[in-house]
Amino acid sequence: DAGVTQSPTHLIKTRGQHVTLRCSPISGHKSVSWYQQVLGQGPQFIFQYYEKEERGRGNFPDRFSARQFPNYSSELNVNALLLGDSALYLCASSLGVSSYNEQFFGPGTRLTVL
Amino acid sequence: SQQGEEDPQALSIQEGENATMNCSYKTSINNLQWYRQNSGRGLVHLILIRSNEREKHSGRLRVTLDTSKKSSSLLITASRAADTASYFCATDNLKTSYDKVIFGPGTSLSVIP
């Protein structure tokens with residue numbers, strides 16, 4: 001079985017632009033979470049979705065939004081990009097929303113904002 | 001905000017030695033997890049320890065949890081060059097509905113062949 005996949009792998013944008021990142025979970029996993037990892041730091045939780053509903057939100061501005069589709073894949077959208085949005089964006093899938101469910105991470109999307 | 005804080009920030013050891021990393025957290029938790037990350041890519045789940053457990057083993061990994069001190073340690077025995085990576089602890093958050101999973105800043109481990 002394929003693991004969690006993310007696209008694109010790398011992305012370069014300029015300030016003020018919009019970006020959409022995509023994630024496909026492991027087959028059978030209904031929960032998808034998004035994390036931002038700035039260089040040299042640990043991942044920071046952005047969103048969790050389960051069965052197409054938002055089940056958790058981190059301390060991020062409204063410029064960040066996400067959604068989950070009927071096939072459980074997910075998109076993370078960031079509007080009005082800032083230099084500080086440059087980071088590795090990680091997607092993780094799990095069977096359910098409980099913190100006891102093991103999360104499986106994708107390889108990430110490296111976003112550079114110039 | 002980051003709940004978990006790993007210590008040390010960086011660790012360099014010879015192959016075959018043991019490596020110990022520590023994690024401290026601030027709020028009540030259901031469980032604590034350790035992850036490994038190679039070269040800034042995706043994280044790999046290593047082990048989960050529940051709040052009512054004190055110690056857990058998985059292969060060469062040994063994790064302890066002291067809820068009274070709000071701390072955990074990860075011991076890697078007989079280290080190998082392939083263990084070179086960053087290691088993160090992560091906790092769930094019982095305090096608020098936000099920040100459901102909180103990662104620490106990580107320990108960068110270098111195992112020298």
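Source: prediction; values computed, not measured. Order of the sequence lines sets the chain letters (A, B, ...), proteins ahead of strands, with each chain counted from 1.
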> Is there a chain of hydrophobic side chains (I, L, V, M, F, W, Y, each step under 4.5 Å between heavy atoms) that links A/Tyr49 to A/Ile26?
no
> So, taking the atom named OG in A/Ser99 and the one named CG in B/Asn31, what distance separates them when rounded to the nearest 0.5 Å?
4.0 Å
> Tabulate, in ascending numerical order, the residues of residues 44-67 of chain B having at least one heavy atom closer than 4.5 Å to a heavy atom of chain A, or enter 'none'.
B/His45, B/Leu48, B/Arg50
> Which pairs of donor and acceptor atoms, one on a side chain in residues 105-113 of chain B, lie under 3.5 Å apart (sequence neighbours left out)?
{"from": "B/Thr107", "atom 1": "OG1", "to": "B/Pro8", "atom 2": "O", "distance (Å)": "2.5"}

> With a 4.5 Å cut-off on side-chain heavy atoms, are A/Gln103 and B/Gln33 touching?
no
> Of the backbone (N, CA, C, O) and the side chain (C-beta and beyond), which part of B/Gln9 lies under 4.5 Å from a heavy atom of chain A, both, or neither?
neither
> For B/Gly42 versus A/Leu90, what's the shortest heavy-atom pair and its separation?
CA-CD2, 4.1 Å
> Would you say that more than 12 heavy atoms from the other residues, nucleotides or ligands in this model lie under 6.0 Å from the CZ of B/Arg80, or not?
no
> Check each atom of A/Gln48 against the heavy atoms of chain B and say whether the ones under 4.5 Å are side chain, backbone, both or neither.
side chain
> Quick check: do B/Phe103 and A/Tyr35 have side-chain heavy atoms less than 4.5 Å from each other?
yes
> Measuring heavy-atom distances to chain B, does A/Tyr100 have an atom under 4.5 Å in its side chain, in its backbone, in both, or in neither?
both
> Please say yes or no: joined through hydrophobic side-chain contacts below 4.5 Å, possibly via intermediate residues, are A/Phe60 and B/Ile102 part of one cluster?
no
> Do A/Gln44 and B/Val101 pass the side-chain contact (heavy atoms from CB on, under 4.5 Å) test, and can you show the C-alpha distance, the side-chain angles, and the key distance before you say yes or no?
CA-CA 8 Å; A/Gln44 190 168 358; B/Val101 178; over 6 Å; no
> Going hydrophobic residue to hydrophobic residue with side-chain gaps under 4.5 angstrom, can you get from A/Phe64 over to A/Phe45?
no
> Can you tell me how far the CG atom of B/Asn30 sits from the OG atom of A/Ser98, to the nearest 0.5 Å?
7.5 Å
> Can we call the ring centroids of B/Tyr35 and A/Phe105 under 6.0 Å apart?
yes
> Indicate yes or no: at least one non-hydrogen side-chain atom of B/Leu43 is less than 4.5 angstrom from one of A/Pro43.
yes
> Within a radius of less than 6.0 Å around CG of A/Leu83, do more than 12 heavy atoms belonging to other residues, nucleotides or ligands occur?
yes
> Same cluster for A/Leu95 and A/Tyr72 if Ile/Leu/Val/Met/Phe/Trp/Tyr side chains link at under 4.5 Å?
no
> Go through it in stages, so that I can follow the logic: the residues are B/Phe88 and A/Gln37, the test is side-chain contact (heavy atoms from CB on, under 4.5 Å), and I'd like the CA-CA distance, side-chain angles, deciding distance and then a yes or no.
CA-CA 12 Å; B/Phe88 297 91; A/Gln37 187 177 23; 3.5 Å; yes
> Verify the cluster assignment for A/Val113 and A/Leu21: are they in a single hydrophobic cluster under the rule of side-chain heavy atoms below 4.5 Å apart?
yes
